[in-house]
Amino acid sequence: MLSDQELVRRAELKELIEKGFNPYPAEEFIVSHSSKEIHENHEVFIENKQTVSIAGRIMAKRIMGKAAFALLQDSAGKIQIYISKDSIKEFQDESIFEDIFKKLTSLGDIVGVEGYVFKTKTGETSIHVSKFQILSKTLKPIPIPKEKDGKVFDVFSDLELRYRMRYLDMIVHPHVKDVFIKRTQLVNSIRNFLNNKGYLEVETPILQPIHGGAAARPFKTHHNALDTTLYLRIANELYLKRLIVGGFDGVYEFSKDFRNEGMSRFHNPEFTQVELYVAYKDYLWMMNLVEEMVEKIALDLHRTTQVQVGNNIIDFKRPWKRFTMYEAIQAFTGHDISELDETGVRKVARQLKIETDDTMDRGRLIDEIFGEYVEPKLIQPTFILDYPLEMSPLAKKHRSKPGLVERFEVICNGKEICNAYSELNDPIDQRERFLEQLKLKERGDEEAMELDEDFLRALEYGMPPTAGLGVGIDRLTMIMTNQHSIQDVLFFPHMKPEPSNNPFQGLLISPEYQELLLKAGFLNSSMIMNQSPSEIYEKLKEHQPDISLEFISAWFD
RNA sequence: GAUUCCGUAGCUCAGCCGGUAGAGCAUUUGCCUUUUAAGCAAAGGGUCAUGGGUUCGAAUCCCAUCGGAAUCACCA
């Protein structure tokens with residue numbers, strides 16, 4: 001069903017065609033200036049009565065009989081146009097104003113105009129239009145907010161619709177684009193930084209027969225020709241390390257990774273990391289690189305190391321604070337757990353009112369204490385180093401502290417933004433760590449890592465000592481652009497699939513029974529699949545007594 | 001998964017101790033040649049998320065379902 005406004009626009013479209021105007025012309029429209037360029041040079045342009053041509057979307061229309069003002073929005077901003085019977089009659093037929101602009105141009109339509117720059121009585125730089133043309137007719141009304149004295153009216157604020165229809169969101173809220181421009185600048189900043197260091201950007205498989213490199217549940221798919229199971233990668237770590245084995249000194253990849261887990265303002269099923277591996281380096285060296293790189297990102301994006309995030313100002317200026325995990329826990333809880341065994345740590349955890357259970361080993365307990373008492377309090381970028389071995393099956397054992405690995409994370413604004421190790425390159429130790437993971441898997445840990453024989457084989461051929469790093473691009477972008485939710489730094493955040501016009505999609509049910517189902521309160525396929533055939537039978541019987549249970553059961557096949 | 005809140009016109013929202021569905025913007029028509037939330041005059045537009053219950057009567061009260069948001073939990 002089309003709304004009255006949609007019907008009106010379709011009628012306008014028809015009339016345009018009947019009058020001989022193509023509402024979607026093929027020819028190039030030559031744009032001479034952007035709205036921004038005109039505003040920036042308005043004094044010169046006005047003095048010279050500079051002729052400009054500009055294209056964009058009509059965002060406001062104010063008609064006063066034989067003259068009118070409209071706001072044109074292009075990718076750079078907005079500019080007012082003035083169009084009247086007199087302003088165009090020298091170059092085009094008067095009817096272009098009377099019929100086309102006044103009657104057949106709607107808010108949201110994309111138009112092209114030509115004219116000279118001038119200033120109105122009220123002092124607004126505008127274009128005095130001599131030629132007007134519709135370049136694309138819109139069929140749906142656009143929820144345009146109004147603005148006066150800094151107050152905004154009728155903001156298009158439905159988050160679901162904004163995320164589902166990001167194109168509409170950005171038309172209506174152009175500033176949304178700024179976040180994404182910053183995101184690309186951030187990626188470019190990292191890429192330039194790593195390229196300047198001489199590291200090679202590479203691509204590795206997204207479809208993997210064994211999902212490795214992280215602890216997470218994967219998305220599973222199937223390759224028909226080979227009749228094998230494949231997984232969307234949860235990380236690319238093990239492939240990049242194979243490249244280090246193969247002889248590259250430094251490789252990195254911007255990697256879309258996929259994790260089949262819950263969603264929140266910090267989690268999207270697909271997200272982006274940059275991973276970097278550098279041969280002959282260790283995690284201490286990597287800390288300096290991270291500091292330098294993130295400081296540079298802040299400078300590239302903001303020309304200062306200080307970034308406003310929520311109520312805090314975060315300063316990325318080097319050097320950042322460094323704590324070992326034990327030091328951090330002692331600093332924030334007063335407990336020194338460095339010498340305690342599992343029982344001792346559990347006792348401390350209980351004192352700190354942390355819920356514990358018997359499946360938690362020492363490493364997990366420490367992580368809980370850290371996550372509860374330390375992480376949320378670290379606002380300024382802070383290195384936490386030397387993690388318990390149990391939680392890091394791919395990290396090298398600490399050179400001097402038994403039970404720990406050479407690993408660091410950077411915590412910023414209460415969240416992890418990167419993770420790095422001196423990479424484990426001892427193939428025998430690595431095999432043992434994988435076997436530990438298998439034991440966890442047998443105990444029901446769905447996120448324990450798989451044993452990857454080919455990766456072990458690669459290590460057996462020898463991997464140089466290597467430092468590795470993973471940086472969460474989405475979370476870093478959230479901090480660098482002061483966004484509260486990961487959905488605000490992804491153009492198209494994951495959403496539940498939109499209900500289609502056929503609510504019973506995926507089920508073989510004829511239209512007459514669909515009607516019956518709707519009448520009985522079954523609105524879509526999931527509501528049907530959640531019920532047993534006999535439950536549905538009982539309900540449908542009330543509306544249509546002669547229906548049979550067998551008939552309904554067939555829908556489930 | 002838990003708790004709380006929300007779903008009324010294209011957009012933003014009001015109406016909710018039960019009694020004929022409202023406003024502004026948007027849309028349509030008329031007037032208006034420097035307006036800027038333009039103005040003035042008029043008109044059209046709603047299965048009040050869905051299904052059921054209570055009732056003489058439900059947008060309003062109750063139950064269930066669907067969808068969304070926030071916080072928490074999960075995400076080493």
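We name chains A, B, ... by the order of the sequence lines, and we start the count at 1 in each one.
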Take atom P in B/G22 and the same atom in B/U29, then report the distance between them in whole Å. 25 Å
When you compare B/A42 with B/U4, how far apart are their P atoms, in angstrom units rounded to a whole number? 48 Å
With A/Asp361, which residues qualify under side-chain hydrogen bond (donor to acceptor under 3.5 Å, both in side chains), at least two apart? none
Using the C1' atom in both, what is the distance from B/C48 to B/C16, to the nearest Å? 11 Å
Any donor-acceptor pair under 3.5 Å from A/Ser106 side chain to A/Asp109 backbone: no
Provide the distance between the two P atoms, one in B/G19 and one in B/U60, to the nearest whole Å. 11 Å
With a non-hydrogen cut-off below 4.0 angstrom, is A/Met59 in contact with a base, only sugar-phosphate, or nothing? nothing
Spatial distance of atom CD1 (A/Ile329) from atom CZ (A/Phe370) [nearest 0.5 Å]: 7.0 Å
side-chain hydrogen bond (donor to acceptor under 3.5 Å, both in side chains) partners of A/Glu406, counting only residues at least two apart: A/Arg399, A/Ser422
Grab the NZ-P distance between A/Lys140 and B/G10 for me, whole Å please. 11 Å
Name the nucleic acid region contacted by A/Pro269, choosing base, sugar-phosphate or nothing; use a 4.0 angstrom heavy-atom cut-off, strictly under. nothing
Distance, P atom - from B/C40 to B/C25, rounded to whole angstrom: 8 Å
Within the 4.0 Å heavy-atom criterion, would you say A/Gln80 contacts the bases, only the backbone, or no part of the nucleic acid? base
A/Lys61 NZ to B/G39 C1', straight-line distance once rounded to whole Å: 16 Å
Qualifying residues under ring-ring contact (aromatic ring centres under 6.0 Å, His included), relative to A/Tyr326, sequence neighbours excluded: none
Gap between atoms CE and P, on A/Met64 and B/C32 respectively (whole Å): 12 Å
In plain terms, say whether A/Lys439 and A/Glu436 are close enough for a salt bridge, that is, a side-chain N and a carboxylate O under 4.0 Å apart. yes
What interatomic distance, in whole Å, is found between C1' of B/G46 and the corresponding atom of B/U8? 8 Å
Look at the side-chain N and O atoms of A/Arg62 and state whether any lies under 4.0 Å from the OP1 or OP2 oxygen of B/U35. no
Does A/Glu6 pair with A/Lys140 as a salt bridge, N-O distance under 4.0 Å? yes
Between B/C25 atom C1' and A/Ile142 atom CD1, what is the distance in whole Å? 15 Å
5' precedence on RNA chain B between A/Ile63 and A/Ala215 (nearest-nucleotide basis): A/Ile63
Result block: side-chain N/O donor-acceptor pairs under 3.5 angstrom for residues 389-396 of chain A, not counting sequence neighbours:
from: A/Ser392; atom 1: OG; to: A/Arg407; atom 2: NH1; distance (Å): 2.7
from: A/Lys396; atom 1: NZ; to: A/Asn425; atom 2: OD1; distance (Å): 3.2

May I have the distance from A/Leu104 (atom CG) to B/U29 (atom C1'), rounded to whole angstrom? 15 Å
Residues passing the ring-ring contact (aromatic ring centres under 6.0 Å, His included) test with A/Tyr116, sequence neighbours excluded, are A/His128
Among side-chain atoms of A/Asp74 and A/Ser35, is any donor-acceptor pair under 3.5 angstrom? yes
Need to verify one output field. Residue with the more 5' nearest nucleotide on RNA chain B, A/Ala67 or A/Ala60? A/Ala67
In whole angstrom, give me the gap between the C1' atoms of B/C61 and B/G18. 8 Å
Residue pair A/Asp93 / A/Ser95, side-chain donor-acceptor N/O under 3.5 Å: yes
Exercise: do A/Arg162 and A/Gln487 side chains pair donor with acceptor under 3.5 Å: no
Taken to the nearest whole Å, CG/A/Leu107 to P/B/U28 is 9 Å
Side chain A/Tyr82 and base B/U35 donor-acceptor under 3.5 Å: no
Honestly, is A/Lys377 close enough over A/Phe332, meaning NZ or CZ under 6.0 Å from the six-membered ring centre and within 45° of the axis? no
Residues that A/Ile379 engages under side-chain contact (heavy atoms from CB on, under 4.5 Å), provided they are two or more places apart: A/Asn312, A/Ile314, A/Asn413
Atom-to-atom span, CZ of A/Arg162 to P of B/C11 - whole angstrom: 15 Å
For the side chain of A/Lys121, counting heavy atoms from C-beta on, which of B/U33, B/U35, B/G10 is nearest? B/U35
I'd like a table of atom pairs between the protein and nucleotides 42-45 of chain B - only N or O on both sides, under 3.5 Å - with the distance next to each one.
from: B/G44; atom 1: N2; to: A/Asp4; atom 2: OD2; distance (Å): 2.9

Taking any heavy-atom pair under 4.0 Å as a contact, classify A/Phe118: base, sugar-phosphate, or nothing. base
Just the atom pairs and distances: protein N or O near nucleotides 69-72 of chain B's N or O, under 3.5 Å.
from: B/U71; atom 1: OP1; to: A/His484; atom 2: NE2; distance (Å): 3.3

When the P atoms of B/A41 and B/C5 are considered, how many whole Å apart are they? 43 Å
What is the distance, to the nearest angstrom, from the CG atom on A/Leu7 to the C1' atom on B/A9? 15 Å
Given Watson-Crick and G-U pairs under 3.5 Å, RNA chain B in dot-bracket ([ ] crossing, | other strand) is (((((((..((((.....[..)))).(((((.......))))).....(((((..]....))))))))))))....
Under 4.0 Å between any heavy atoms, over every strand shown, what does A/Glu409 touch: base, sugar-phosphate, or nothing? Just pick one. nothing
Going by side-chain contact (heavy atoms from CB on, under 4.5 Å), name the residues that satisfy it together with A/Phe491, two or more places apart in sequence or in a different chain. A/Arg166, A/Met170, A/Phe180
Distances under 3.5 Å only, N/O to N/O: pair up the protein atoms with those of nucleotides 12-15 of chain B.
from: B/U12; atom 1: OP1; to: A/Ser157; atom 2: N; distance (Å): 3.4
from: B/U12; atom 1: OP1; to: A/Asp158; atom 2: N; distance (Å): 3.4

Can you sort out the partners of A/Phe69 under ring-ring contact (aromatic ring centres under 6.0 Å, His included), two or more places apart, ordered by chain and number? A/Tyr82
